[in-house]
Amino acid sequence: MSGKNSKTGGSIQTKLRSGGRTASASPSRESAAASPSLHEPAPAPPAQEPVAALPSPCEPAVTSACPSGGSDFAAFIELLAVMRKDNAEFRKEFQNLQKTLSDALSTIQLDLQVMKTQLASDKVATEATISTLKGTVGEMGHTLSGYTADIGHMKTTIESLTATVTQLENKCEDLESRSRRNNVRIVGVRDLTISVFPDYTVQTAQARAAFNEVRRQLRDIEGARYGILHPARLRITYNGVQKDFISAEEAAEYVKLLKPG
């Protein structure tokens, strides 16, 4: 549109200039034709022309813009027509642009509405999933609490049963040892060499044998008395103090205290 305006403006300026030159040249011819020679008599004064009517409110711009005559007025009219045409084209292009922008805005609004609806749907689905997960986690926590209580109860039961089994084993060992206390094992009958040993169980024999090193050390301590009680308990008496041991390690530590120096 800018090309059309510049082109139109150039043509209008050319027409205005040509009209101006025509208008400016005409008075010189008229003055030359009207100037009397020295030998001719002076012409009579021209008759007074009637006063023209006042222009309408819409004419001053045309009259002021076209003082040189009809050609300038025609150029001005042509300029107005071109400007009106350009204005109409500008309005048409503006309306097209406005329609394009309106269509684009409507599309964007529609897309935003679709996205908003999708986000709302996703939010609802996510909240439902989170609620389900919370319920599942709560149920799992409740179940785990029950399992924890059951495990604690089972642990207590196992500890009690273990203690009971230990007591029963010790009792069985003691009963077996006592039942075999008066038994005698005779070895070497064929060779006429007879050896007599107490009839202990394997566990009792091992427990009594564990005190052999402690008994050997006690022999070197003056005033110490010792003996193994049934089934496997070491009793040490020293300076009127009596102590019983079922552990060989504890008995060895006590003997170290009894040694002089």
Side-chain angles (χ1 to χ4, degrees), residues 111-187 195-221 224-259:
D111 294 340
L112 290 176
Q113 184 63 32
V114 172
M115 291 178 63
K116 184 178 179 181
T117 303
Q118 184 65 34
L119 289 175
S121 177
D122 294 343
K123 181 181 179 182
V124 172
T126 303
E127 289 178 351
T129 303
I130 292 174
S131 178
T132 303
L133 290 175
K134 286 182 177 179
T136 304
V137 171
E139 292 178 358
M140 292 177 62
H142 181 70
T143 304
L144 290 175
S145 298
Y147 288 159
T148 302
D150 293 341
I151 291 172
H153 179 69
M154 292 174 62
K155 183 178 180 181
T156 303
T157 303
I158 291 172
E159 291 176 353
S160 177
L161 291 175
T162 302
T164 302
V165 169
T166 302
Q167 292 176 359
L168 292 175
E169 288 178 349
N170 294 334
K171 188 173 182 179
C172 288
E173 180 68 22
D174 182 68
L175 290 174
E176 185 177 0
S177 298
R178 290 181 182 277
S179 66
R180 300 172 63 176
R181 184 174 184 180
N182 297 324
N183 295 347
V184 177
R185 296 177 61 192
I186 301 174
V187 180
S195 299
V196 180
F197 299 94
D199 187 16
Y200 297 125
T201 62
V202 176
Q203 184 176 356
T204 300
Q206 291 176 351
R208 294 172 70 92
F211 293 107
N212 290 339
E213 178 62 24
V214 178
R215 293 164 64 187
R216 187 188 64 78
Q217 295 178 10
L218 288 171
R219 293 191 190 102
D220 298 332
I221 300 175
R225 293 184 303 166
Y226 58 91
I228 297 180
L229 304 179
H230 186 81
R233 184 169 70 248
L234 178 62
R235 174 172 292 178
I236 300 175
T237 303
Y238 183 76
N239 291 336
V241 179
Q242 179 178 299
K243 287 185 175 294
D244 293 343
F245 299 94
I246 60 174
S247 170
E249 290 78 10
E250 294 179 359
E253 293 295 330
Y254 178 73
V255 170
K256 290 180 182 180
L257 299 178
L258 300 181
K259 291 181 179 181

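In this text the structure is predicted, and so the values were computed from the model without any measurement.
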Please find the pair of heavy atoms, one from [X] and one from [Y], that lie closest to each other, and give the distance.
{"X": "Tyr254", "Y": "Val241", "answer": "OH-CG1, 4.4 Å"}
{"X": "Ala232", "Y": "Phe211", "answer": "O-CE1, 3.9 Å"}
{"X": "Ala224", "Y": "Leu218", "answer": "CB-O, 4.2 Å"}
{"X": "Pro231", "Y": "Thr204", "answer": "O-CG2, 3.5 Å"}
{"X": "Tyr226", "Y": "Arg215", "answer": "OH-O, 3.6 Å"}

State, without any angle test, whether Glu249 and Ser247 hold a side-chain donor-acceptor pair at a distance under 3.5 Å.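 There is such a pair between these side chains.
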
Give a yes-or-no answer on whether the side chains of Arg208 and Tyr200 include a donor-acceptor pair shorter than 3.5 Å.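 Yes, side-chain donor-acceptor contact under 3.5 Å.
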
Rounded to the nearest 0.5 Å, what's the gap from [atom1] on [X] to [atom2] on [Y]? Could you check?
{"X": "Ile236", "Y": "Asp244", "atom1": "CD1", "atom2": "CG", "answer": "9.0 Å"}
{"X": "Lys123", "Y": "Thr126", "atom1": "NZ", "atom2": "OG1", "answer": "10.0 Å"}
{"X": "Gln206", "Y": "Gln203", "atom1": "CD", "atom2": "CD", "answer": "7.5 Å"}
{"X": "Asn239", "Y": "Arg225", "atom1": "CG", "atom2": "CZ", "answer": "10.5 Å"}

Is it the case that the side chain of [X] and the backbone of [Y] share a donor-acceptor pair, with hydrogens and angles ignored and the cut-off at 3.5 Å?
{"X": "Asn170", "Y": "Gln167", "answer": "no"}
{"X": "Ser121", "Y": "Thr117", "answer": "no"}
{"X": "Ser131", "Y": "Glu127", "answer": "no"}

Sequence neighbours left out, what pairs pass side chain to side chain donor-acceptor pair (under 3.5 Å) with at least one residue falling in residues 147-156?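 As it turns out, there is no side chain to side chain donor-acceptor pair (under 3.5 Å) pair with a partner in residues 147-156 once direct neighbours are skipped.
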
Carefully, step by step, assess Gln118 and Met115 under the rule side chain to side chain contact (heavy atoms under 4.5 Å, CB included). CA-CA 5 Å; Gln118 184 65 34; Met115 291 178 63; 5.6 Å; no

Mind running side chain to side chain contact (heavy atoms under 4.5 Å, CB included) on Ile246 and Leu234 for me, showing each step along the way? CA-CA 6 Å; Ile246 60 174; Leu234 178 62; over 6 Å; no

Residues, nucleotides or ligands: over 12 heavy atoms within 6.0 Å of Gln217 CD: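 Yes.
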
Test Lys243 against Arg235 for side chain to side chain contact (heavy atoms under 4.5 Å, CB included), laying out the working first. CA-CA 6 Å; Lys243 287 185 175 294; Arg235 174 172 292 178; over 6 Å; no

Quick one, Lys259 with Ile221, criterion side chain to side chain contact (heavy atoms under 4.5 Å, CB included). Give me CA distance, side-chain angles, the key distance, then yes/no. CA-CA 7 Å; Lys259 291 181 179 181; Ile221 300 175; 4.0 Å; yes

